[in-house]
S.K.: 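Sharing a structure, written as structure tokens. Questions coming.
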2 protein chains.
Amino acid sequence: MNQEEQQFLQNYHLEDYPRPSVTSDIAVFAVKSEAGETYRLDPKKKLCLLLIQRGQFPFKGSLALPGGFLRPNETIEACAARELREETGAKAPILRHIGVFSNPSRDPRGWIVSNAFLSVLSEEILQNMQISGGDDAAHAEWFEIDFVQKQDDICHLTLKHDDVRVSAVLRTFQNIYGMQEFEVLENGGLAFDHAQIIAAAVSHLRRETKQFSLIFDFLPEQFTLADLQKIEELISGKSLLASNYRRKAENFLEFTGNSTNGSGHRPARLFRRKVS
Amino acid sequence: MNQEEQQFLQNYHLEDYPRPSVTSDIAVFAVKSEAGETYRLDPKKKLCLLLIQRGQFPFKGSLALPGGFLRPNETIEACAARELREETGAKAPILRHIGVFSNPSRDPRGWIVSNAFLSVLSEEILQNMQISGGDDAAHAEWFEIDFVQKQDDICHLTLKHDDVRVSAVLRTFQNIYGMQEFEVLENGGLAFDHAQIIAAAVSHLRRETKQFSLIFDFLPEQFTLADLQKIEELISGKSLLASNYRRKAENFLEFTGNSTNGSGHRPARLFRRKVS
DNA sequence: CAAATAGTGTCTCTAAGACAATATCAC
DNA sequence: GTGATATTGTCTTAGAGACACTATTTG
């Protein structure tokens with residue numbers, strides 16, 4: 001670096017120009033088993049999303065995605081991982097950046113650009129984890145999520161936990177630059193533009209699981225083909241024929257040599273993800 | 001909004017917390033025809049990327065992607081479109097957000113988070129456009145781009161214009177969150193982390209054209225199957241059999257009723273993108 | 001044995017790769 | 001006709017969807 005450049009940098013002050021605040025918001029998904037199974041029946045499973053109840057203004061008391069402000073000397077991914085850990089106690093093994101939400105009026109506090117992330121936790125990690133609200137969050141909890149595209153381009157997003165139930169309505173369309181986007185018609189009480197971010201996250205998750213990416217992150221190291229298929233069905237919202245799914249999945253799996261037992265029916269072989 | 005919330009917002013000052021500057025950088029691709037064709041031979045075509053030569057520090061004189069700072073009251077997409085227009089005179093019909101680059105040391109001026117975009121221009125638009133450097137740019141020019149993955153995970157990026165030639169070397173890997181990423185081994189004189197951004201853009205462009213997305217944006221409204229195939233070949237770096245490509249492409253096309261003529265060989269039917 | 005889930009085999013249909021053959025223009 | 005590109009057809013192989021059938025466990 002020459003002297004002229006050093007001079008330039010010394011006289012250059014980023015603070016002289018307007019800057020937004022930057023945040024990460026994280027949509028964390030997991031599949032949870034229902035406790036109440038009867039003899040020999042497999043446990044029911046649900047696709048869940050981690051939400052916090054906001055303890056502070058704005059949107060105090062509303063449900064929101066965990067997230068927070070980018071700090072100096074960290075990347076946006078590190079910020080997402082840190083905020084998730086601080087607000088919920090969850091340690092994210094994977095993170096996918098799914099979009100930037102920069103509508104100038106998206107936050108009543110002012111000019112805040114949000115980076116949306118998608119993460120996935122396995123039920124195994126879930127059980128060893130105590131989700132807990134941090135300073136900014138009154139409470140973190142798993143909500144059963146349901147996202148369906150009704151007639152035309154109208155999507156219904158439903159989130160349930162015990163007697164708490166949130167229903168948002170969105171419209172999907174192509175923006176002027178050719179990208180699929182969601183517009184919130186009713187936010188159902190969700191904070192900020194988080195209904196829109198959740199819709200984008202589900203959409204992204206569906207794309208990735210279909211091609212055997214992200215789907216393994218829902219499962220422990222060893223799992224059965226039925227486990228894998230159930231997750232694909234939960235996420236896509238469609239039911240599949242086991243024989244065909246098995247054939248397709250086999251390319252991505254290797255047999256561990258182990259099997260399940262004590263299940264009241266034929267044991268299932270346990271597989272793990274093939275490294276390839 | 002209740003009074004308590006109003007009070008909160010009045011006392012809340014985003015400026016009390018550290019904030020980064022935020023920029024957009026845009027990788028604009030186009031296919032350009034070579035002038036020197038002989039009788040009856042189709043013109044040669046090249047995949048090109050729009051670069052500017054920086055007129056200011058830092059990286060004064062280096063090649064860089066067009067881009068600039070996010071301003072109040074605009075979305076990050078609007079910022080990308082505006083900067084592209086200001087710096088090069090190009091009006092982007094499409095824009096794809098391809099990633100956020102937030103390494104704290106990526107810019108010597110300080111804490112700057114960059115949003116990378118991908119855009120595509122048709123040769124038709126190209127001809128009606130006078131690319132011109134704006135205030136920040138000494139010069140905007142189209143560079144023939146070549147991006148190949150050699151043995152293992154090493155990628156070579158080459159950019160050529162007349163006697164100017166830039167060669168960068170990158171390594172591709174999965175980051176700790178499971179995403180494909182590029183690490184710059186030699187930046188070949190490109191400014192900032194732009195070699196990394198260009199690699200991500202090419203990678204994204206290849207994914208999208210393969211599924212008949214973005215590919216039509218290179219072409220005028222009416223085009224022949226050979227036009228379409230040539231672009232797919234330029235982007236993917238592989239050559240295809242016309243008969244097979246035709247069969248696959250037909251699902252996305254509709255015949256206009258028109259044909260080419262005066263080309264010295266059998267006329268080709270002109271198609272347009274099927275709306276479906 | 002019955003209930004419940006695991007796993008195999010096969011038929012059909014569609015899509016993709018390879019490649020041969022024919023068509024049509026300008027000179 | 002020749003050179004160049006456009007277009008059609010066909011053979012083969014790989015993969016997905018549908019579905020019938022067999023296998024193995026526990027109470």
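Chain identifiers are assigned alphabetically (A, B, ...) following the order of the sequence lines, protein sequences preceding nucleic acid strands; residue numbering begins at 1 within each chain.
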S.K.: Whole angstrom is fine here: how far is it from CG in B:N261 over to C1' in C:dA26?
M.R.: 11 Å

S.K.: Would you tell me whether A:S167 and A:E186 have side-chain atoms, one donor and one acceptor, within less than 3.5 Å of each other?
M.R.: no

S.K.: Could you check whether A:H161 and A:H139 have their ring centres less than 6.0 Å apart?
M.R.: no

S.K.: Looking only at atom types and distance, does a side-chain atom of B:H97 sit under 3.5 Å from a main-chain N or O of B:F117, one as donor and one as acceptor?
M.R.: no

S.K.: For A:F182 and A:F147, take the angle between the two ring planes, folded into 0 to 90°, and tell me which bin it lands in: parallel under 30, tilted 30 to 60, perpendicular over 60.
M.R.: perpendicular

S.K.: Which residues in residues 215-248 of chain A have a heavy atom closer than 4.0 Å to any atom of DNA chain C?
M.R.: A:A226, A:S243, A:R246, A:R247

S.K.: Which pairs pass salt bridge (Lys or Arg N to Asp or Glu O under 4.0 Å) with one or both residues in residues 255-276 of chain B, sequence neighbours excluded?
M.R.: B:E221-B:R272, B:E254-B:R272

S.K.: Check the angle between the aromatic planes of A:F271 and A:F255 and answer parallel, tilted or perpendicular using the 30° and 60° thresholds.
M.R.: tilted

S.K.: Is the backbone N or O of B:Q180 less than 3.5 Å from a side-chain atom of B:Q174, with the two atoms forming a donor-acceptor pair by type?
M.R.: no

S.K.: I need the CZ-C1' distance between A:R269 and D:dT25, as an integer number of Å.
M.R.: 16 Å

S.K.: Output one line per pair: protein atom, nucleotide atom from nucleotides 21-24 of chain D, and distance, for all N/O pairs under 3.5 Å.
M.R.:
unit_1 : atom_1 : unit_2 : atom_2 : d
D:dA23 : O4'    : A:R266 : NH1    : 3.3
D:dA23 : N3     : A:R266 : NH1    : 3.1
D:dT24 : O2     : A:R266 : N      : 2.9

S.K.: Please check: side-chain N/O of B:S203 versus main-chain N/O of B:A199, any donor-acceptor pairing under 3.5 Å?
M.R.: no

S.K.: Rounded to whole angstrom units, what separation is found between the CD atom of A:E250 and the C1' atom of D:dA14?
M.R.: 15 Å

